[in-house]
Amino acid sequence: MSYNLKENLMREERLAGGHRMCAGCGSPIAIRTVLRQLEPGDKAVVTGATSCMEVSTFMYPYTAWKESFIHNAFENAAATCSGVETAYRALKKQGKLDDTYKFIAFGGDGGTYDIGFQSLSGAMERGHDMVYVCYDNEAYMNTGIQRSSSTPRFADTTTTPQGSVIPGKIQNKKDLTKIMVAHGIPYVAQTTFIGNFKDICEKAHKAIYTPGAAFLNVMAPCPRGWRYPSEDMMKVCKAAVETCVWPLFEVVEGKYYLSYEPKNKLPVEEYLKMQGRFAHMFKPGNEWMIEAFQQEVDRRWENLLALCNL
Amino acid sequence: MSYKKASEINEKIGWRDITPGCNIYEGGTSVTVETGDWRTMKPVINWDKCKQCLLCAPVCPDMSIPVTAEGKRGEFDYFFCKGCGICSKACPFGAIEMVKDEK
């Protein structure tokens, strides 16, 4: 069925208000959008890696989750999810369960790119029928904006403070989406919030209903950590896509498909200038940083186009 | 065995009465928490300008823009709205204005 925003919004809201995420946070938008793609009648079991999202949606006794939710540690969201999925399959086989459940793990970039990586890799390799959704806000925001392996080069964080010693984070961002593709799982996609949400909704639906393991990487801006005014979130997402800093693509059974190709690829400055974490890159004498950032984006973009046979 | 409901659990409850493993047996119990009191700026909709395109509804992080069973955008839920302003920028028709929230 083709995507329709109105029909999509009329579905049941599966995340409740009253959670304590910051005003303008991207992660609840990612979560409610993904959960909305569950078919009416289907239920979900959600596991959450330690993250802003976990501690803010699940403050005893107040839970924002309407689906079953398992609160666990930083490193084992995918392992927990795969265990529950296996138990479900066993019960289903014994005829002890009739309902259809879907299994979704949510983690931030810290819990996905770094700490939860081994359990994620294991769950994907074993091919459990589950989706791992990473809401990528490019640092450990919950504990006060420390760098993660997802933080882009030159970003100013509390553990990579820019100044005369270092130019912000020294290393490039880890390309986790491609690492997940290398697991040979049936569905991997990268998305964010654009326009009428067609891209993220369709990808989330495919990820949930593709039998076997699936991975969805959603860029979810953090106004506090990225230092931009909270109301500009959609502008930041659009700039990330139009500059090819965060390309939208999906990989189905190992085959790459580009979801969106900008008509005029914008220079990375259009994305960087909105955010305080990159402000130092615009100081006189730091032009080389923007150049280096652009080169890395271009390199990855060309590589992606080649993979998509474009 | 009957377990305590979320509404019966508060700072005064003893450890014997707390639910085992701090489990919660209902969903969505956070709806009793008013996050609207964090707000400094408040979104106000001008219904004359609203074209019901619904582009504001999916961008809300706080489920404060309800869409009715008829597919129409409803009034803001100020009980949860934290006033982030994403909706005001997402509106292509300038129908949502951010004003200072007087309490």
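Chain letters run A, B, ... following the sequence lines, proteins first and then strands; every chain starts at 1.
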- Task: Tell me, out of Cys25(A), Pro61(A), Ser27(A), who's got the most heavy-atom pairs with chain B below 4.5 Å.
- Result: Pro61(A)
- Message: Would you call the rings of Phe74(A) and Tyr140(A) parallel, tilted or perpendicular, taking 30° and 60° as the class edges?
- Response: perpendicular
- d(Asn23(B) CG, His71(A) NE2) to nearest 0.5 Å is 11.5 Å
- Task: Go through the atoms of Glu70(B) and report whether side chain, backbone, both or neither lie under 4.5 Å from a heavy atom of chain A.
- Result: backbone
- Query: Where does Ile24(B) contact chain A at under 4.5 Å (heavy atoms): side chain, backbone, both or neither?
  - Reply: side chain
- Message: Quick check: under 4.5 Å, non-hydrogen atoms only, which of residues 58-69 of chain B neighbour chain A?
- Response: Pro58(B), Val59(B), Cys60(B), Pro61(B), Asp62(B), Met63(B), Val67(B), Thr68(B), Ala69(B)
- The interface call for Cys201(A) against chain B, heavy-atom contacts under 4.5 Å, is neither
- Would you mind checking if Asp42(A) and Lys102(A) are paired as a salt bridge, meaning a charged N to carboxylate O distance below 4.0 Å? no
- Item | Contact class of Glu26(B) relative to chain A, heavy atoms under 4.5 angstrom | backbone
- Cut-off 4.5 Å, heavy atoms of chain A, and the answer for Thr35(B) is side chain
- Query: Arg14(A) versus chain B, heavy atoms under 4.5 Å apart: side chain, backbone, both or neither?
  - Reply: neither
- Would you say the side-chain atoms of Asp109(A) pair up with the backbone N or O of Ala139(A), donor to acceptor, closer than 3.5 Å? yes
- Between Pro223(A), Ala16(A), Cys22(A), which has the largest tally of heavy atom pairs under 4.5 Å with chain B? Ala16(A)
- Message: Given heavy-atom pairs under 4.5 angstrom as the criterion, report whether the side chain, backbone, both or neither of Ile31(A) touches chain B.
- Response: neither
- Decide whether Thr112(A) and Tyr135(A) meet the rule of one side-chain donor and one side-chain acceptor closer than 3.5 Å. no
- Item | Atom pair CG (Leu248(A)) and OG1 (Thr192(A)), whose distance is rounded to the nearest 0.5 Å | 7.5 Å
- Query: Hey, are Lys206(A) and Glu202(A) close enough for a salt bridge, meaning a charged N less than 4.0 Å from a carboxylate O?
  - Reply: no
- Query: Heavy-atom distance under 4.5 Å to chain B: side chain of Phe193(A), backbone, both or neither?
  - Reply: neither
- Counting heavy-atom pairs under 4.5 Å with chain B, the top scorer among Met233(A), Met10(A), Arg20(A) is Arg20(A)
- Query: Looking at Arg36(A), Glu67(A), Glu13(A), which has the largest count of heavy-atom pairs under 4.5 Å with chain B?
  - Reply: Glu13(A)
- Establish, yes or no, whether a centroid distance under 6.0 Å links the rings of Phe80(B) and Trp38(B). no
- Message: For Glu12(A), is there an ion pair with Lys66(A) - N to carboxylate O distance below 4.0 angstrom?
- Response: no
- Below 6.0 angstrom between ring centroids: does that apply to Phe58(A) and Phe69(A)? yes
- Query: With sequence neighbours left out, which residue pairs that include part of residues 229-240 of chain A fulfil the side chain to side chain donor-acceptor pair (under 3.5 Å) condition?
  - Reply: Asp232(A)-Lys89(B), Lys238(A)-Glu242(A)
- Note on the structure: One should read off an interatomic distance between Cys56(B) SG and Leu54(B) CG, to the nearest 0.5 angstrom, of 6.5 Å
- Query: What residue, out of Cys84(B), Pro92(B), Gly27(B), has the most heavy-atom pairs lying under 4.5 Å from chain A?
  - Reply: Cys84(B)
